[in-house]
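Let me begin by presenting the structure, written as structure tokens, before commenting on it.
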Amino acid sequence: MDVITVNDKQEMSEKASAILFNELKRNPDLVLGVATGGTPAGTYNKLVEKVLAANLDLSEITTVNLDEYVGLARDHEESYWHYIYTHLYEPLNLSPDRALVPYGLSDDLQAECTKYEEAIQKVGGVDLQILGVGRNGHIGFNEPGTPFKSKTHVVELTDSTRQANARFFGHKEEVPTQAITVGISTIMESRSILLLASGKEKAEAVKALLSGAVDQKWPVTVLNQHPSVTLVVTKDALETEEDSYNDQ
Ligand code: PGA
């Protein structure tokens with residue numbers, strides 16, 4: 001794993017967007033796996049600036065969302081379809097025809113999961129997967145304990161994940177209780193992975209990853225078995241409460 005340590009979130013976004021921009025320049029029909037949430041938002045903003053400044057044509061790329069809430073319509077402001085549309089497609093003036101996002105309103109969620117997995121295969125798999133990490137170590141919405149062989153599936157969101165995402169919805173009770181997420185084995189099939197972590201609340205998860213262990217209790221640690229991972233991490237995400245206590 002390549003580890004790039006940066007001072008703060010802004011520098012993380014700058015670094016990550018530069019990596020993405022170079023990949024997109026090299027491969028105009030890249031299949032890009034896209035994470036959502038607070039972590040990558042600045043990266044997408046900076047990527048959009050770079051793409052517009054260079055007049056790079058991204059009309060041939062495909063994006064594959066990692067996950068979507070169950071029960072939210074696409075035009076709901078907190079749906080992940082809406083997120084990727086407003087962070088990438090709208091500012092780049094791209095048609096969202098090539099945006100793959102699980103359909104969270106499907107009346108057959110199992111069939112939707114199978115269909116999504118097939119859709120990823122049909123576009124040739126993900127070339128570059130952007131990932132964030134949850135404070136409990138989840139990747140996508142693969143919560144602790146998810147089998148590493150899992151494919152796209154429906155998950156019950158943990159209390160801590162709903163609490164963490166309450167900031168977007170105003171109140172935890174508004175956060176959906178279920179989501180569709182690509183599975184851990186789906187993520188592991190990506191040809192390369194760009195993992196972003198910022199903030200001290202991610203430090204326990206980052207520590208588990210960097211310990212080199214591979215442990216289902218910390219889903220992110222599966223990435224220790226992936227051949228091509230770049231981690232861009234802020235300094236504060238490298239220091240757990242326990243570490244800072246011991247330093248005193
Ligand atoms: P965040 O979420 O970027 O909003 O902190 C990360 C995650 O849950 O994967």
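The shown structure was predicted, so the numbers you read here are calculated from the model rather than taken from an experiment. One-based numbering, in listed order, for ligands and for the atoms of each.
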| Do any nitrogen or oxygen atoms of Arg167 lie less than 3.5 angstrom from nitrogen or oxygen atoms of ligand 1? | yes
| Which residue supplies the protein heavy atom nearest to atom 3 (O) of ligand 1, what is that atom called, and how far is it? | Thr39 OG1, 2.4 Å
| Below 4.0 Å from any atom of ligand 1, is there a heavy atom belonging to Lys202? | yes
| said: At less than 4.0 angstrom from any non-hydrogen atom of Gly37, what atoms of ligand 1 do you find? | reply: 3 (O), 4 (O)
| task | May I ask you to decide if the ring planes of Tyr83 and Tyr80 are parallel, tilted or perpendicular, using 30° and 60° as cut-offs? | result | perpendicular
| message | Quick test: of every protein heavy atom, which one is nearest to atom 6 (C) of ligand 1, and how far off is it to 0.1 Å? | response | Val133 O, 3.5 Å
| task | Using the side-chain contact (heavy atoms from CB on, under 4.5 Å) rule, pick out the option among Gln163, Glu143, Gln178 that qualifies with Leu157. | result | Glu143
| request: Taking only Lys NZ, Arg NE, NH1 and NH2, and the carboxylate oxygens of Asp or Glu, determine whether Glu204 and Lys207 approach each other closer than 4.0 Å. | output: no
| Electrostatic pair Lys115:Glu112 at N-O distance under 4.0 angstrom | yes
| What residue and atom, counting heavy atoms only, is the protein's closest point to atom 7 (C) of ligand 1, and at what distance? | His138 NE2, 3.4 Å
| query | In ligand 1, which numbered atoms sit nearer than 4.0 Å to a non-hydrogen atom of Gly38? | reply | 1 (P), 3 (O), 4 (O)
| query | Of the options Lys151, Glu117, Gln121, which is the one that meets Thr186 in a side-chain hydrogen bond (donor to acceptor under 3.5 Å, both in side chains)? | reply | Glu117
| field | Validation row, ring centre Phe141 to ring centre Tyr69 under 6.0 Å | value | yes
